[in-house]
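Each remark here refers to the structure printed beneath this line.
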Amino acid sequence: MTTQYFYCTRCHQKSVVHHKLFDTLNNFSNALAEECSSCGELMEVRLRPDFQLGAGGDEYRVINAFIPEKLESWLGEDEEEVTFFPFLVVLERAADSKRFYWLPYWHLVGRNARHGQYATFLDQAQFDSLVTQAQQTTLAPA
């Protein structure tokens, strides 16, 4: 489970995030920031992912979070609407300011965000390599 909290860079106050990670990232992508209750400064979102196989555990600052301009939806089981919410989250590791790109996603079923996967977590060089390769490749239409 990913630990998340708000952090004030001015007065160094930490406050617990009282919503799910989906809501935190969705709010962040919509520029809805939290203010510090002590000094009024806008607070950073900090995460400590807990990935499998010993990965994660470091602390990261959320630089930005994006969702597609148009989300895909369909009728799922019991004729409930399912909406796919993929995120691109830009993170900076607190220890050394190294950039990472994380692609978690959720499925919103009715009004409930259901955990999808915490998906791919790449450092800047790996991410840039993949984007460059995709930009340089011309794919023939199927």
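Numbers here simply count residues along the sequence, with the first being 1. Values below: all heavy atoms of this structure, side chains included; hydrogens, waters and symmetry mates excluded.
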### Query
What about Y105 and W74, same hydrophobic cluster or not, with Ile/Leu/Val/Met/Phe/Trp/Tyr joined at side-chain heavy-atom distances under 4.5 Å?
yes
## Note on the structure
In short, M43 meets C8 closest at the heavy-atom pair CE-N, 3.6 Å
### Message
Under a 4.0 Å threshold between the charged nitrogen and the carboxylate oxygen, would D123 count as salt-bridged to K98?
### Response
yes
#### Entry: Contact summary for V62 and V89, nearest pair of heavy atoms
CG1-CG1, 4.1 Å
### Approximate separation, where rounding is to 0.5 Å, of D128 CG and R99 CZ
11.0 Å
### Task
Assess the pair F85 and F22: is the distance between their ring centroids shorter than 6.0 Å?
yes
### Query
About how many Å separate CZ of R46 and OG of S15, when rounded to the nearest 0.5 Å?
12.0 Å
### Query
Is a salt bridge present between D96 and R93, judged by a nitrogen-to-oxygen distance below 4.0 Å?
yes
### Task
Quickly, which of E44, E41, E35 forms a salt bridge (Lys or Arg N to Asp or Glu O under 4.0 Å) with R10? Name it, please.
E41
### Donor + acceptor pair across side chains of S37, Q13 (<3.5 Å)
yes
### Task
Using modelled atom types only, decide if a donor and an acceptor are shared between the side chain of N30 and the backbone of N26 within a distance under 3.5 Å.
yes
### Task
Give a yes-or-no answer on whether the side chains of E34 and Y7 include a donor-acceptor pair shorter than 3.5 Å.
no
### Query
For G76, does its backbone N or O pair with a side-chain atom of E80 as donor and acceptor, under 3.5 Å?
no
### Task
With rounding to the nearest 0.5 Å, note down the distance linking NE2 in H19 to CG in N27.
5.5 Å
### Task
State plainly whether one hydrophobic cluster holds both L25 and L71, where clusters connect Ile, Leu, Val, Met, Phe, Trp and Tyr through side-chain heavy atoms under 4.5 angstrom apart.
yes
### Task
Fit a plane to each ring of F127 and Y101, take the angle between them on a 0 to 90° scale, and name the class: parallel (under 30°), tilted (30 to 60°) or perpendicular (over 60°).
parallel
### Message
For L47, run the side-chain contact (heavy atoms from CB on, under 4.5 Å) check against T3, L21, T24 and tell me which one passes.
### Response
L21
#### Entry: Pair T132-Q136, side-chain donor/acceptor within less than 3.5 Å
no
### Task
Measure the CG-CD distance between L130 and Q135 for me, rounded to the nearest 0.5 Å.
11.0 Å
### Task
Could you tell me the separation between the NE2 atom of H12 and the OG atom of S38, rounded to the nearest 0.5 Å?
12.0 Å
### Query
With the 4.5 Å side-chain cut-off for hydrophobic clustering, are Y5 and F28 part of the same group?
no
### Task
Enter the distance from E77:CD to L75:CG here, rounded to the nearest 0.5 Å.
12.0 Å
### Message
Using the ring centroid of each side chain, check whether F87 and W106 are separated by less than 6.0 Å.
### Response
yes
